[in-house]
Amino acid sequence: MTLSVLRTADAWWVRTPAGAARVDTAATTTRELLADRQAVTAAAASADTVAVDSLALVSPVTAPCRVVAQMTNIASHVRDSGMNPDTVPLTFFRKTSGSISGPFDDVVRPAHVRLLDYEVEIGLVFGREMPVGSDITAENLTEYVAGLVVTNDVSARDVQLPKTQFYEGKSYPTFTPVGPALVLLDAAELRRFTELRLRLWVDGELRQNMTVADMIYRPLETLRALTRFQRMDAGDLLLTGTPVGTALSAPPRPVEILGSLLPPKVKWRLFFRGQAKNPKYLHDGAVVEAAIGTDDGALDLGRQRTIVRHAP
């Protein structure tokens with residue numbers, strides 16, 4: 001049975017059929033809360049509830065923490081990026097935990113950013129320490145993965161691409177909306193991972209809508225690779241990739257070949273001149289909604305709603 005954990009500025013809550021029950025815990029971080037599962041379970045059985053809509057929800061993943069992400073990990077997105085899913089490597093990058101924001105907070109676009117993009121992704125939240133060299137198996141996977149969250153890997157493409165690195169372009173404050181819920185899963189529920197459908201809307205238009213059945217590197221293989229070099233701890237976050245439908249897509253192959261022959265400065269100037277005409281990038285005031293769940297509703301990570309605002 002899933003447990004959906006919510007967080008406000010001063011408390012933790014568990015969603016129940018009657019509303020939200022407050023968790024009797026001294027935990028102030030996600031890591032501390034996951035160590036107090038008895039309190040979470042007790043709250044799930046409580047009849048003392050408030051309306052979920054009355055809560056001002058913040059991210060259920062607290063900072064500071066490690067935020068690691070997988071690059072081009074869903075086949076549909078890999079093809080749209082001009083790559084071959086059969087040969088794409090398992091690749092990671094880091095984001096700052098200072099980029100984490102709440103599920104209903106504004107996404108603040110820095111003044112110098114023009115091409116702001118979106119990527120709905122499933123976030124894995126770790127439930128225990130995973131030192132380098134840990135032996136991750138199908139049997140103990142749920143000891144490491146405590147639960148799942150909705151995330152949006154917001155990306156400044158005009159910063160990310162010319163610098164050929166992801167860290168800055170994906171790490172500005174508010175560039176990782178998380179939540180609304182941290183959904184704690186058991187082993188049977190986690191086995192339904194590939195049935196989860198990722199959906200994202202911009203101003204009511206459905207832009208991304210696909211299950212992760214074509215995920216290239218799934219959690220077990222991913223954690224086995226990650227543990228070769230990266231420690232993770234309880235409360236840390238791993239983003240697992242996005243499907244097709246982002247604003248950015250690869251140019252036609254002939255154009256890409258021609259561009260490779262140009263000096264970098266000229267190539268990027270022409271590329272961004274063309275991208276500036278793409279109406280799919282996020283504009284100021286754009287309403288971005290993201291939701292993840294199985295089609296039968298048995299697993300529901302919730303729905304976030306953020307608005308893009310220009311930095312003052």
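Just so it is clear, the values below take in all heavy atoms, side chains as well, and ignore hydrogens, waters and symmetry mates. This structure is a prediction, so every number in the text was calculated from the model and none was measured.
- Taking the charged nitrogens against the carboxylate oxygens, Asp233 and Arg66 do have a contact shorter than 4.0 Å, which makes a salt bridge.
- Of the possible polar contacts, none joining the Asn140 side chain to the Glu143 backbone as a donor-acceptor pair under 3.5 Å is found.
- Using a distance-only test at 3.5 Å, with no hydrogens or angles considered, no donor-acceptor pair links the side chain of Thr49 to the main chain of Ala21.
- The closest side-chain heavy-atom distance from Val14 to Arg22 is not below 4.5 Å.
- Checking side-chain atoms of Asp236 against main-chain N and O of Phe126 turns up no donor-acceptor pair under 3.5 Å.
- Between the side chains of Thr91 and Gln70, not a single donor N or O lies within less than 3.5 Å of an accepting N or O.
- Salt bridge status for Glu205 with Lys280: absent, with no side-chain N to carboxylate O gap under 4.0 Å.
- With hydrogens and angles ignored, the 3.5 Å screen pairs no side-chain donor or acceptor of Arg197 with any backbone N or O of Asp295.
- Judged by distance alone, the side chain of Ser171 and the main-chain N or O of Ser99 form no donor-acceptor pair under 3.5 Å.
- Side chain of Glu129 to backbone of Pro131: no donor-acceptor contact under 3.5 angstrom is found.
- Both cation-pi conditions hold for Arg303 and Trp201: the charged atom is under 6.0 angstrom from the six-membered ring centre and inside a 45 degree cone around its axis.
- Side-chain polar atoms of Ser46 and Asp48 form no donor-acceptor pair below 3.5 angstrom.
- No cation-pi contact links Arg157 to Tyr281, judged by a cut-off of 6.0 Å to the six-membered ring centre and 45° from its axis.
- For the residue pair Val178 and Pro60, the shortest heavy atom distance occurs at O-CD, 3.7 Å.
- Minimum interatomic distance between Ala286 and Val202 (heavy atoms only, all atoms of both residues): CB-CG1, 4.3 Å.
- When all heavy atoms are compared, the tightest approach of Glu121 to Ile292 is O-CD1, 3.5 Å.
- Open room surrounds CG on Asp24; 12 or fewer heavy atoms of other groups in view lie less than 6.0 Å from it.
- Checked by atom type and distance alone, the side chain of Asp117 pairs as donor or acceptor with a backbone atom of Ala247 at under 3.5 Å.
- Scanning both residues, Ala181 and Ser4, for their nearest heavy atoms gives CB-CB, 4.2 Å.
- Between the Glu221 side chain and the Arg218 main chain, no donor and acceptor come within less than 3.5 Å of each other.
- In this structure, Thr28 OG1 and Asp10 CG are separated by 12.5 Å, a value rounded to the nearest 0.5 Å.
- The minimum heavy-atom distance between Asn73 and Thr240, with the atom names listed, is ND2-O, 2.9 Å.
- Ile74 places none of its side-chain heavy atoms less than 4.5 Å from the side chain of Val244.
- Judged as a ring pair (Phe, Tyr, Trp, His ring centres under 6.0 Å), the pairs with a partner in residues 86-125 (not counting sequence neighbours) are, in order, Phe92-Phe229, Phe93-Phe166, His112-Tyr172.
- Side chain to side chain, Gln208 and Thr242 meet the donor-acceptor criterion of an N or O pair below 3.5 Å.
- Distance alone, capped at 3.5 Å, is enough to place a donor-acceptor pair between the Arg7 side chain and the Ser59 backbone.
- Without hydrogens or angle criteria, Asn278 side chain to Gln275 main chain gives no donor-acceptor distance under 3.5 Å.
- Taking 4.0 Å as the cut-off between side-chain N and carboxylate O, Asp296 and Arg192 count as a salt-bridged pair.
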